[in-house]
Number of protein chains: 2
Amino acid sequence: MEVSTAVNISAAEWQVMRVTWTLGQVSSQTVSEVLAKKMAWKAATVKTLVGRLVKKGALATERDGKRYLYRPVISEQQAMDTASQVFIDQLCAHKVGKTLLKMVQDTTLSQADIAALVTALQEKQKTAPTEVACNCLPGDCQCAAGECNC
Amino acid sequence: MEVSTAVNISAAEWQVMRVTWTLGQVSSQTVSEVLAKKMAWKAATVKTLVGRLVKKGALATERDGKRYLYRPVISEQQAMDTASQVFIDQLCAHKVGKTLLKMVQDTTLSQADIAALVTALQEKQKTAPTEVACNCLPGDCQCAAGECNC
DNA sequence: ATTTTAAGTTTACATTTGTAAACGGTAATT
DNA sequence: AATTACCGTTTACAAATGTAAACTTAAAAT
């Protein structure tokens with residue numbers, strides 16, 4: 001039944017997660033070194049974030065002598081997909097397409113990424129509707145002509 | 001020089017913005033009615049959010065007798081684009097493609113949206129790199145073989 | 001064995017966010 | 001004219017977030 005494994009990871013915490021996703025299993029010292037350089041954060045700040053992530057269940061710990069090693073509990077891809085969903089869900093359904101277009105245009109993508117996207121889109125095209133209705137208002141979108149872009 | 005017009009709009013505030021984006025110029029009563037139904041928010045809650053948005057400069061006011069009419073200061077598309085950028089920027093550059101793919105797959109898009117995306121992607125393909133490097137760590141990604149998905 | 005270090009834990013503290021009640025004033029209704 | 005109904009403004013208040021110092025303890029170095 002999928003008991004809401006969805007942990008909320010804040011923007012700052014996300015940076016810590018990225019280090020663990022990238023390095024797999026890390027000491028907090030490593031995380032601190034990386035983020036001191038990348039984010040100009042004090043070690044104390046990183047400690048707090050790591051602590052919160054452990055409490056939230058986003059990081060698992062394993063004793064390693066006097067210290068701990070931290071390991072991500074959820075995969076990066078899954079976390080990104082969840083975050084994407086949350087992001088998209090808050091937008092007007094009618095305008096999601098335009099926004100995805102902007103994202104695609106403004107992002108560096110590899111040949112493979114592009115190919116995969118094109119394939120998926122072509123597949124999607126087979127069953128895509130002509131229009132996606134605006135869902136900004138409950139019931140029908142009642143915007144007067146010219147007053148909105150729905 | 002683009003003096004950071006970027007206003008921060010929280011998730012709850014975003015709902016208020018959507019109403020103004022959709023209806024163009026609204027009384028707080030209208031916003032309240034819409035969101036009471038859509039979000040089950042009390043009128044007081046909406047008042048707070050509207051007030052904060054005005055203070056943040058995201059909504060402009062115009063007197064209308066005893067009350068105000070509210071109007072969005074920035075366009076929805078621009079707000080969405082900014083939010084998208086912020087969202088994408090926090091992700092590992094190497095994995096943005098996969099995430100966009102997921103978004104495309106999980107979202108309802110119109111024929112026109114899909115066509116526009118395909119066109120943009122084909123154009124992008126001409127200059128796309130073979131690989132997009134991971135930028136999770138400062139300097140080179142030092143993940144050991146097999147320990148990360150970079 | 002003593003001191004230094006490094007780790008984790010506790011405490012701090014201002015802001016932002018979500019949610020809303022209370023208050024005060026003006027316009028509309030009785 | 002008195003009263004009611006709205007509307008905007010103030011106040012409330014807990015939780016989350018960003019940022020970090022202080023404290024405590026155990027291991028490492030001398």
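Here is how names work: the chains are called A, B, and so on, in the same order as the sequence lines, proteins then strands, and each is numbered from 1. Remember, predicted model here, so these are calculated numbers, not experimental data.
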Base, sugar-phosphate, or nothing: which does A:Ser27 touch, judged by heavy atoms less than 4.0 Å apart?
-> nothing

A:Ala12 side chain: which of D:dG18, D:dG8, C:dT17 is closest?
-> D:dG18

Expressed in angstrom and rounded to an integer, what is the separation of A:Ile9 atom CD1 from D:dA16 atom P?
-> 15 Å

Under 4.0 Å between a side-chain N/O of B:Thr48 and OP1 or OP2 of C:dG18, yes or no?
-> no

In whole Å, what is the span from the CZ atom of B:Arg67 to the C1' atom of C:dG25?
-> 17 Å

Could you check whether A:Lys55 gets within reach of a base, just the sugar-phosphate, or nothing at all, counting any heavy atom under 4.0 Å?
-> nothing

May I ask you to say what A:Ala11 touches in the nucleic acid, namely base, sugar-phosphate or nothing, with a heavy-atom cut-off under 4.0 Å?
-> sugar-phosphate

When hydrophobic residues are tied together by side-chain contacts of less than 4.5 Å, even through go-betweens, does B:Met39 share a cluster with B:Met17?
-> yes

Does B:Trp41 have a side-chain nitrogen or oxygen under 4.0 Å from the phosphate oxygens OP1 or OP2 of C:dA20?
-> no

Residue whose nearest DNA chain D nucleotide is more 5′ - A:Thr45 or B:Gly51 | B:Gly51

Specify the separation, in whole Å, of atom NZ of B:Lys56 and atom P of C:dT16.
-> 8 Å

Rounded to whole Å, the CD-P distance (B:Gln29 to D:dA5) equals 14 Å

Hey, which of these two, A:Asn8 or B:Lys66, hits DNA chain D nearer its 5' end, going by closest nucleotide?
-> B:Lys66

Calculate the interatomic distance between B:Asp64 atom CG and D:dC6 atom P; express it in whole Å.
-> 16 Å

Work out which heavy atom in A:Cys92 is nearest to a heavy atom in B:Arg18; give both atom names and the distance.
-> CA-NH2, 3.4 Å

Among the nucleotides C:dG18, D:dG8, C:dA21, which one has an atom lying closest to any side-chain atom of B:Ala44?
-> C:dA21

Tell me what B:Lys42 touches on the nucleic acid: a base, only sugar-phosphate, or nothing, going by heavy atoms under 4.0 Å.
-> sugar-phosphate

For atom NZ of A:Lys47 and atom C1' of C:dA12, their distance in whole Å | 15 Å

Minimal heavy-atom distance between A:Trp21 and A:Ile74, with the atoms involved, is NE1-O, 2.8 Å

Whole Å only: how far is the CZ atom of B:Arg52 from the C1' atom of C:dA20?
-> 10 Å

Would the number of heavy atoms belonging to other residues, nucleotides or ligands and lying under 6.0 Å from CG of A:Asp89 be above 12?
-> yes

Is the B:Phe87 ring parallel, tilted or perpendicular to the A:Phe87 ring (thresholds 30°, 60°)?
-> parallel

Between D:dG18 atom C1' and A:Lys38 atom NZ, what is the distance in whole Å?
-> 16 Å

